[in-house]
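As the structure lists them, so they are numbered: ligands from 1, and atoms in each ligand from 1.
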Amino acid sequence: CTKKAKMAKDNTNGLAMCRVLLAELEAHQDAWPFLTPVNHKAVPGYRKVIKKPMDFSTIREKLANNQYLNLETFIIDVNLVFDNCEKFNEDDSEIGRAGHNMRRFFDERWTELLM
Ligand SMILES: Oc1ccc2c(c1)N[C@H](O)CC2
């Protein structure tokens, strides 16, 4: 097959993995802080502190709209969810711990799927 055909296959495989990984993130018991966008009108300071909000429902929408080129661009958005969480929450808080748990789960799962 041509190099282009191989690339297309890799992207298809990569996008299939995005769907599997996103479903597992959404189903995780510690996903609740990350399922929908933070209501920045209800959370003082959030819009000022977090320059690039991201959440699992927005990632789901972007995936459905074919806005992820490959697994890498998907992983960048998932990591943005967890980086925002670390920035806004104490490590020793319920949401802070949920973020660390979810990041560990995600890192383990995508490396398992890729290795
Ligand atoms: O006490 C609160 C209240 C609201 C939020 C947080 C903590 N952390 C989330 O990251 C953003 C929303």
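The number of heavy atoms from other shown groups lying within 6.0 Å of CD (Glu86) is above 12.
Side-chain N or O atoms of Ser93 include none that pairs as donor or acceptor with a backbone N or O of Asn89 at under 3.5 Å. In terms of modelled atom types and a separation under 3.5 Å, the side chain of Asn70 and the main chain of Glu72 share a donor-acceptor contact.
Ion pair Lys6/Asp10 flagged as a salt bridge, since at least one NZ, NE, NH1 or NH2 atom sits closer than 4.0 Å to an Asp/Glu carboxylate oxygen.
None of Val78, Asn84, Val81 except one satisfies the side-chain contact (heavy atoms from CB on, under 4.5 Å) rule with Phe34; the exception is Val81.
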Given the rule in the side-chain contact (heavy atoms from CB on, under 4.5 Å) test, do Trp110 and Met17 qualify, once you have shown the distances and angles that lead to the verdict? CA-CA 8 Å; Trp110 77 258; Met17 281 168 57; 5.7 Å; no
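Residue-level contacts of ligand 1 at the 4.0 Å heavy-atom threshold are Val38, Val43, Tyr46, Phe88, Asn89, Ile95.
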